[in-house]
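Residue numbers run from 1 in the order of the sequence given. All values below were derived from every heavy atom in this structure, side-chain atoms included, with hydrogens, water molecules and symmetry-related copies excluded.
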Amino acid sequence: MKHFDYQLAFSRNIGWVTESEQQQLGKARVAIAGLGGVGGSHLLTLTRLGIGQFNLADFDHFAVENFNRQSGANLNTIGKPKLDTMIDAALAINPQLDIKPFPQGVKADQAEAFLQDCDIYLDGLDFFAMTARRAVFAACYEMGLPGVTAAPLGMGSALLCFLPGEMSFESYFQLQDVDEYQQYLRFLVGLAPARLHQAYLVEPQRIDLLAKRGPSTAMGCEICAGFAASQVLKLLLGRGAVTAAPWGLQFDAYQNRLAKTWRPGGNRHPLQRLAIWFGSRQLIAAAKQAETSTT
């Protein structure tokens, strides 16, 4: 094995962080669930930042349809576990990484075990993995851990941070006691109240709730990684303002815009309720009609 020097490998971070802060990052442990488009980019970005320890979960394998956005997807990785592939990619950057793998993904009853010994949770789950996502964020709230989600929307990202003692994930999104389609809609509406991405969605019919599939871009995933890693750095080092829910941020590179949103009550806010009503008449109605026609 070639000689690895942590201090030299991440020396170009110094200036934006101090020497002592870099050492602090090297001792931090970050949990990432999902290592596909967003999660894989999260892992590599944080590894290059010098984060030294990870809890990583993913049960899926790479496929050709992942090529447009997932950093680990290529002809050599088709059919290979995303977890193993991305761990190898991270270790090729820092072979001293301490990684706890969870190859079965995150089960609802194992969320606290997944987060054990971690300083922060970074959400990389598939958009439609609502059961696992709700369980992990609920565990974060109970354990007093910050949780960050950065969603790739079009050619940009929507960012929400859930901090200990502040508004919880469930309180913001209001996902309890509604069916799966309503959960998807509420999650989408809550992620990006500014809806900067909607203006250039040229084929809305490509959003298919029944098939659990939607359009995506590599730009969105990479912007997510930079957006989220900046918040992770601030939270781990305890410096710099962090925008916490019910405040949110959305940056869209196509629109050349950054929006800061405030939705007191989260999805209970009148504007959010109106957006959910419209979405129910469009996306959810179409999904349920398609579901009926296939049964």
Side-chain angles (χ1 to χ4, degrees), residues 13 16-17 21 25 28 30-51 54 56 68-72 86 90 118-127 129 133 136-137 140 145-163 166-167 169 172-173 187-200 214-263:
N13 292 338
W16 299 114
V17 299
E21 285 176 330
L25 293 174
V30 176
I32 305 174
L35 293 172
V38 173
S41 294
H42 283 334
L43 174 61
L44 298 186
T45 299
L46 291 180
T47 297
R48 294 190 188 281
L49 184 61
I51 301 296
F54 292 97
L56 303 175
N68 79 310
R69 70 199 182 283
Q70 299 192 14
S71 59
M86 297 314 300
C118 291
D119 300 294
I120 191 169
Y121 169 62
L122 186 50
D123 183 19
L125 289 167
D126 183 270
F127 176 89
R133 178 174 284 108
V136 176
F137 273 102
C140 284
L145 293 178
V148 177
T149 187
L153 296 172
M155 302 177 206
S157 172
L159 178 83
L160 285 169
C161 297
F162 296 92
L163 305 185
E166 303 289 340
M167 192 174 203
F169 180 92
Y172 181 86
F173 284 106
F187 187 51
L188 178 61
V189 169
L191 281 170
R195 298 189 289 278
L196 300 182
H197 54 289
Q198 285 191 350
Y200 58 94
S216 57
T217 72
M219 298 85 85
C221 293
E222 296 305 314
I223 290 171
C224 279
F227 219 167
S230 301
Q231 308 309 305
V232 169
L233 179 148
K234 290 190 287 184
L235 288 164
L236 290 176
L237 299 181
R239 65 175 175 91
V242 175
T243 301
W247 291 91
L249 295 170
Q250 185 179 5
F251 171 69
D252 194 285
Y254 187 91
Q255 294 278 52
N256 302 317
R257 292 179 61 192
L258 172 67
K260 186 174 185 179
T261 56
W262 183 49
R263 291 295 186 268

Taken to the nearest 0.5 Å, the spacing of Gln255 CD from Gln198 CD works out to 10.5 Å
Side chain to side chain donor-acceptor pair (under 3.5 Å) pairs touching residues 151-160, sequence neighbours excluded, are none
Between the CG atom in Leu46 and the CD1 atom in Ile51, the distance rounded to the nearest 0.5 Å is 5.5 Å
Handout entry: Side-chain heavy atoms of Leu44 within contact of Met86, under 4.5 Å
Key = yes
Subject >> Verdict with supporting geometry, Arg133 and Asp126, side chain to side chain contact (heavy atoms under 4.5 Å, CB included) >> reply: CA-CA 9 Å; Arg133 178 174 284 108; Asp126 183 270; 5.8 Å; no
Interatomic distance, CG@Leu188 vs NE2@His197, rounded to 0.5 Å, equals 5.5 Å
Exercise for review: Check whether any side-chain heavy atom of Asp119 lies under 4.5 Å from a side-chain heavy atom of Leu235, and answer yes or no.
Suggested key: no
Just do the side chain to side chain contact (heavy atoms under 4.5 Å, CB included) check on Leu236 and Leu25 with the steps written out, would you? CA-CA 7 Å; Leu236 290 176; Leu25 293 174; 4.1 Å; yes
Closest non-hydrogen contact found for Gly190 with Tyr172 is O-OH, 2.7 Å
Smallest heavy-atom separation, Ala229 atom then Leu49 atom, equals O-CD2, 4.5 Å
Asn68 and Ala218 have their tightest heavy-atom pair at O-CB, 3.3 Å
So SG of Cys221 and CZ of Arg69: to nearest 0.5 Å the spacing works out to 6.5 Å
In short, Leu160 meets Gly248 closest at the heavy-atom pair CD2-CA, 3.8 Å
Exercise. Run the side chain to side chain contact (heavy atoms under 4.5 Å, CB included) check on Ile120 and Gln231 step by step: do they pass?
Worked result: CA-CA 11 Å; Ile120 191 169; Gln231 308 309 305; over 6 Å; no
Contacts satisfying salt bridge (charged side-chain N to carboxylate O under 4.0 Å, His left out) that involve residues 244-263 (not counting sequence neighbours) are none
Without placing hydrogens or testing angles, list every side-chain donor-acceptor pair under 3.5 Å for residues 34-43, not counting sequence neighbours.
residue: Ser41; atom: OG; partner: Gly37; partner atom: O; Å: 3.3
residue: Ser41; atom: OG; partner: Glu222; partner atom: OE2; Å: 2.8

task = Show your working on side chain to side chain contact (heavy atoms under 4.5 Å, CB included) between Tyr254 and Met219 and close with a plain yes or no.
result = CA-CA 10 Å; Tyr254 187 91; Met219 298 85 85; over 6 Å; no
Taken in chain and number order and not counting sequence neighbours, the residues that satisfy ring-ring contact (aromatic ring centres under 6.0 Å, His included) with Phe227 are none
For Thr47 and Phe54, the nearest pair of non-hydrogen atoms, with its separation, is OG1-CE1, 3.7 Å
field: Side chain to side chain, Leu191 and Phe173, heavy atoms closer than 4.5 Å
entry: yes
Sequence neighbours excluded, the answer for side chain to side chain contact (heavy atoms under 4.5 Å, CB included) partners of Ala194 is Leu196, Gln250, Ala259, Thr261
Residue set satisfying ring-ring contact (aromatic ring centres under 6.0 Å, His included) with Phe137, at least two apart, ordered chain then number -> Tyr121, Phe162, Phe169
Between Tyr200 and Gly156, the two heavy atoms sitting closest are OH-N, 4.4 Å
